[in-house]
Amino acid sequence: MNPYVPLKTRLEAERLRQAAEALERVLADLATVIRPGVLTSDLEQVARLSLARHGLNGVLEGYEGYPHPICTSVNNVAAHGRPSDYELQTGDLVTVDLSAERSGWRADGAWTYGVGRISSEGRRLQRAAWRATLAGAAAARAGARLGDIGAAILAEAARAGCTVVREFTGHGIGTNLHEPPSVPHTATRGSGEPIVPGMVFNVEPVLTLGSGEVTKLDDGWSYITADGSLAAQYEVTVSVRSNRTDILTLGRHRPLLDRSTPPYG
Ligand code: MF3
Ligand code: CO
């Protein structure tokens with residue numbers, strides 16, 4: 001096993017759960033304000049207030065020079081879109097990605113919201129991204145291998161006729177936003193390092209309706225799909241123990257986890 005993966009004790013994993021559950025409340029708050037006419041910069045303001053209300057400090061602002069507390073990625077933006085005066089329109093898919101800390105423990109999550117009534121293609125993508133993320137999380141069991149996660153994500157995406165963006169990987173999380181291990185979202189079953197108790201990492205595949213190729217815009221941050229196709233992403237944190245794996249970011253929705261659609265958005 002990679003000796004540099006910082007394994008978490010039960011107590012440390014509980015601290016991470018508290019931060020993760022608070023972050024989930026911020027994602028749920030955002031769902032209540034997203035509608036046509038709202039600017040992505042409004043979502044930034046709502047996120048600031050909600051982070052504070054839930055006892056979190058945002059950590060994205062200033063992270064590698066990124067100038068906002070959240071990323072807002074609309075439609076063909078696959079990741080790291082910047083809040084702006086863009087006005088959300090009926091049918092848009094907007095992914096909000098945000099990272100925060102409480103007492104030094106990091107939380108990181110992303111959610112794709114539909115704006116008003118969305119197309120059936122948009123809905124298909126949104127559901128596929130949700131199911132792929134849960135399938136990846138379910139594959140994150142002690143005794144399995146990291147590649148089993150990417151294999152599960154790929155299989156679920158393929159079932160819905162969607163692709164997975166290869167470039168973006170999941171990551172360990174703890175007192176740092178990004179720690180080992182790196183978690184590929186496209187992989188072969190049985191490949192990669194063993195998954196061991198104490199690992200806590202994020203699974204966050206970006207799915208598209210097109211080729212899955214992305215290009216970086218010259219704003220230095222946004223990645224768009226090369227073919228202009230829609231993209232969607234859910235990011236969850238999993239905590240691996242010897243006899244179970246918990247999804248820390250979905251604590252409030254544990255009873256809903258066998259459902260095929262996201263609980264909000
Ligand atoms: N939430 C992102 C992640 O999962 C954090 C990086 S966003 C950036 O890695 F725009 F700041 F780079
Ligand atoms: Co992340």
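Just so you know, ligand 1 is whichever comes first in the structure, and atom 1 is the first atom listed for that ligand. Position 1 is the first residue of the sequence, and the numbers go up from there.
Between Val236 and Thr249, the shortest heavy-atom contact is CA-OG1, 3.2 Å.
Using a 4.5 Å cut-off between side-chain heavy atoms of Ile, Leu, Val, Met, Phe, Trp and Tyr, with links allowed through other members, Tyr113 and Leu39 fall into different hydrophobic clusters. Side-chain heavy atoms closer than 4.5 Å link hydrophobic residues (I, L, V, M, F, W, Y) into clusters, and following such links, possibly through other members, connects Leu27 to Ile34.
Salt bridge present: Glu61 and Arg48 bring a charged side-chain N and a carboxylate O closer than 4.0 Å. Taking a cutoff of 4.0 Å between a charged side-chain nitrogen and a carboxylate oxygen, Arg241 and Asp246 do not qualify as a salt bridge.
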- Message: Would Arg53 and Leu51 count as a side chain to side chain contact (heavy atoms under 4.5 Å, CB included) here? Give the steps.
- Response: CA-CA 6 Å; Arg53 177 148 34 112; Leu51 282 163; over 6 Å; no
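A donor-acceptor pair is defined here as one N or O able to donate and one able to accept, closer than 3.5 Å; such a pair exists between the side chain of Glu179 and the backbone of Asn176.
Ring to ring, Phe201 and His178 are not that close: their centroids are 6.0 angstrom or more apart.
Excluding water, every protein N/O/S atom under 2.8 Å from the Co ion (ligand 2) is given here by residue and atom: Asp108 OD2, His171 NE2, Glu204 OE2, Glu235 OE2.
Using modelled atom types and a 3.5 Å distance limit, the side chains of Thr32 and Asp29 yield no donor-acceptor pair.
A heavy-atom cutoff of 4.0 Å around ligand 1 is satisfied by the protein residues Leu60, Tyr63, Tyr66, Cys71, His80, Asp97, Ser99, Asp108, His171, His178, Glu204, Trp221, Glu235.
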